[in-house]
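These notes are about the structure you will find just below.
Heavy atoms only: backbone and side chains are in, while hydrogens, waters and symmetry mates are out. From a predicted model like this one, the values you see are computed outputs, not experimental measurements.
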Amino acid sequence: MRLRGSDARKNIDMNVLENIIRMQIEQAGPMSMAEFMALALGHPEHGYYMSRDPFGQGGDFTTAPEISQMFGEMIGVWLADTYMRCGAPKQFVLLECGPGRGTLMSDIMRVTKTVPGFQDAMQLHLLETSPTLKKVQGEALSNYQPQWHDMIDSVPTDAPIFIIGNEFFDALPVQHLYWRDGQWFERKVGLDGETFMFVGTDAQPDHVNLIPDHLGAPSNDDIFEFSALSRSLISAISQRIKAQGVAMLFIDYGHEKARYGETLQAVKAHQYAPILDNVGECDLTAHVDFGALGDIARSQGLHVSRIVDQGSFLKALGIEMRAQNLMKNANEVQQNDIQGALARLTDPKQMGALFKVMAATSYDIELAVLV
Ligand code: SAH
């Protein structure tokens with residue numbers, strides 16, 4: 001490693017993770033962006049999610065379940081409905097991917113308590129890598145004996161399964177290919193002295209093959225963004241649903257049809273930040289390519305729903321009526337909060353249109369809202 005007196009010393013003190021990545025690049029050459037992002041978010045000791053609770057006012061960002069209980073309640077209604085429609089199995093696995101603070105699941109639990117048989121038949125499983133968030137989830141869900149998994153492989157295979165996730169796929173690593181002078185290159189992270197910078201290397205043919213035909217011929221500097229981990233996870237999730245029976249539901253910000261362009265962004269304290277700065281201190285996310293996820297689920301033999309806006313989905317499940325009911329017993333300040341949260345979750349100018357919902361099932365049951 002290159003040392004430049006007090007400069008290098010300052011860097012070591014300031015950001016251990018940046019130094020770890022610098023050392024890897026110096027030894028092995030430019031790093032794929034997916035690896036960079038995986039380390040920034042998930043390095044076992046210094047990764048963004050590993051040591052902190054990033055949600056809410058004092059954190060870096062807010063998610064739908066943290067805005068209002070009504071979000072989780074509507075997901076609970078959807079799950080209860082799907083459970084009844086598929087014949088109320090005597091035993092089933094409920095798996096949440098990336099449960100954050102466990103807020104979504106505790107709201108789901110409050111709603112499904114009233115559904116005959118649901119909670120007796122349920123075994124709760126959580127896919128989560130962050131030790132800090134596992135602890136928070138354990139406190140929120142202590143009545144339901146959840147079991148945690150770092151990887152989907154260890155989730156039970158012997159019962160029907162419902163798999164859900166909110167803002168899970170957007171946290172998984174992405175990579176960029178770019179087109180320059182008649183050729184695809186991969187954008188990697190290299191070094192200019194001590195500073196991280198993007199560099200180009202020849203793209204791998206198996207990555208180029210992922211570019212869907214509908215994108216058409218590229219022009220100079222067009223970027224193709226993809227997430228290899230999201231692809232392999234949706235494939236594993238789909239195989240489970242096909243083999244064990246029943247459904248998945250994912251909500252995230254993203255698009256139904258991929259276009260050329262990049263959506264990777266860094267956020268710190270509710271503000272955008274440069275992607276290569278303050279590594280491990282910012283949340284990194286990218287828009288989810290629901291078109292690609294849906295195609296993979298379909299290729300595994302699942303019935304894949306329409307991709308619906310979050311606002312329409314929540315309204316069709318009755319969120320407005322729920323807000324009216326909550327307001328009946330609320331004071332003026334609480335009523336304003338409920339109305340504000342309803343708008344934030346459903347208004348197309350806020351989260352209503354940018355966030356999408358996708359479901360898929362093992363057999364052709366009619367899903368509420370999503371047919
Ligand atoms: N669903 C929550 C949290 C979203 S943030 C909410 O809506 O509030 C993303 C979540 O995914 C966090 O819990 C994070 O720790 C988890 N996560 C990120 N990468 C993961 C991975 N590779 N495997 C499992 N969980 C992961």
Side-chain angles (χ1 to χ4, degrees), residues 21 24-25 27-43 97 127 129 150-153 165 168-191 196-243 248 250 252 254-265 275-276 284-302 304 307 358 360:
I21 295 175
Q24 283 195 21
I25 295 173
Q27 280 161 13
M31 178 181 279
S32 92
M33 265 179 43
E35 198 183 341
F36 179 86
M37 194 171 164
L39 285 168
L41 295 180
H43 181 279
C97 302
L127 185 70
T129 41
D150 285 342
M151 311 269 276
I152 193 171
D153 312 41
F168 171 66
F169 282 105
D170 70 3
L172 300 182
V174 293
Q175 272 158 276
H176 291 160
L177 305 183
Y178 64 91
W179 179 262
R180 180 87 40 91
D181 302 330
Q183 204 189 327
W184 284 109
F185 294 90
E186 181 179 347
R187 190 187 253 181
K188 290 193 171 182
V189 181
L191 281 174
F196 295 124
M197 62 179 290
F198 289 125
V199 297
T201 57
D202 287 353
Q204 289 174 218
D206 56 328
H207 290 164
V208 173
N209 287 339
L210 296 175
I211 302 171
D213 291 341
H214 77 256
L215 292 191
S219 317
N220 250 0
D221 297 328
D222 270 345
I223 289 175
F224 174 63
E225 184 175 79
F226 68 98
S227 169
L229 183 57
S230 298
R231 285 169 171 267
S232 68
L233 253 167
I234 196 78
S235 178
I237 287 168
S238 303
Q239 281 170 27
R240 287 309 196 88
I241 287 169
K242 185 71 190 166
M248 67 166 100
F250 284 99
D252 227 309
H255 39 257
E256 186 167 356
K257 220 166 179 194
R259 278 168 300 200
Y260 287 125
E262 58 187 309
T263 69
L264 179 62
Q265 64 184 39
I275 288 160
L276 299 180
L284 295 174
T285 57
H287 286 209
V288 171
D289 183 354
F290 278 107
L293 299 188
D295 285 347
I296 294 169
R298 221 170 275 114
S299 75
Q300 302 279 357
L302 296 191
V304 180
I307 289 158
M358 186 185 95

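With sequence neighbours excluded, the residues forming a salt bridge (charged side-chain N to carboxylate O under 4.0 Å, His left out) with Arg180 are Asp221, listed by chain and number.
Atoms CD1 and CD, from Ile223 and Gln175 in turn, are 13.5 Å apart once rounded to the nearest 0.5 Å. To the nearest 0.5 Å, the span separating CD1 on Ile234 from CZ on Phe250 amounts to 5.5 Å. Note that NZ of Lys257 and NE2 of His214 are 5.0 Å apart. Values are rounded to the nearest 0.5 Å. Of the inter-residue distances, the one linking Leu293 atom CG with Arg231 atom CZ reads 8.0 Å to the nearest 0.5 angstrom. Between the CE atom of Met358 and the CD atom of Glu256 there is a distance of 10.5 Å, given to the nearest 0.5 Å. Put simply, OG1 on Thr201 and NZ on Lys188 are 4.0 Å apart, with the number rounded to the nearest 0.5 Å.
Contact record, Leu41 with Ala171: CD1-O, 3.1 Å, taken as the closest heavy-atom pair. Here the shortest heavy-atom pairing between Ala297 and Val304 reads CB-CG2, 3.7 Å. Heavy-atom minimum distance, Ala360 versus Leu302: CB-CD1, 4.0 Å. Heavy atoms only, all atoms of each residue included: Tyr260 and Gly216 are closest at OH-O, 2.8 Å. Here the closest non-hydrogen pair linking Ser227 and Val174 is CB-CG1, 3.8 Å. Closest of all the heavy-atom pairs between Leu127 and Ile152 is CD1-N, 3.7 Å.
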- Decide side chain to side chain contact (heavy atoms under 4.5 Å, CB included) for Arg298 and Ser238; before the verdict, give the C-alpha distance in whole Å, the side-chain angles of both, and the deciding distance to 0.1 Å. CA-CA 8 Å; Arg298 221 170 275 114; Ser238 303; over 6 Å; no
**Request:** Could you give me the CA-CA distance, side-chain angles and deciding distance for Gln183 and Asp202, then say whether side chain to side chain contact (heavy atoms under 4.5 Å, CB included) is met?
**Result:** CA-CA 8 Å; Gln183 204 189 327; Asp202 287 353; 3.3 Å; yes
Practice item. Applying side chain to side chain contact (heavy atoms under 4.5 Å, CB included), run through Trp179 and Asn220 and close with a yes or a no. Key: CA-CA 5 Å; Trp179 179 262; Asn220 250 0; 4.2 Å; yes
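Judged by distance alone, the side chain of Asp252 and the main-chain N or O of Asp170 form a donor-acceptor pair under 3.5 Å. Judged by distance alone, with hydrogens and angles left aside, the side-chain atoms of Glu225 form a donor-acceptor pair with the main-chain N or O of Leu264 at under 3.5 Å. A donor-acceptor pair under 3.5 Å is absent between the side-chain atoms of Lys242 and the main chain of Gln300, judged by distance alone.
For the pair Phe36/Ile21, a side-chain contact is recorded, criterion being any heavy-atom separation below 4.5 Å from C-beta on. Using a 4.5 Å heavy-atom threshold, the side chains of Val199 and Met197 count as touching. Glu35 has its side chain out of reach of Pro173: every pair of non-hydrogen atoms, C-beta onward, lies at least 4.5 Å apart. By the 4.5 Å heavy-atom criterion applied to side chains, His207 and Phe224 are not counted as neighbours. Between Leu177 and Arg187 the shortest side-chain heavy-atom distance does not fall below 4.5 Å. The shortest side-chain heavy-atom distance between Ile275 and Phe196 does not fall under the 4.5 Å cut-off.
Counting only N and O atoms by type, the side chains of Ser32 and Glu186 include no donor and acceptor under 3.5 Å apart.
Summarising the local packing, CZ of Arg259 is surrounded by 12 or fewer heavy atoms from other residues, nucleotides or ligands at distances under 6.0 Å.
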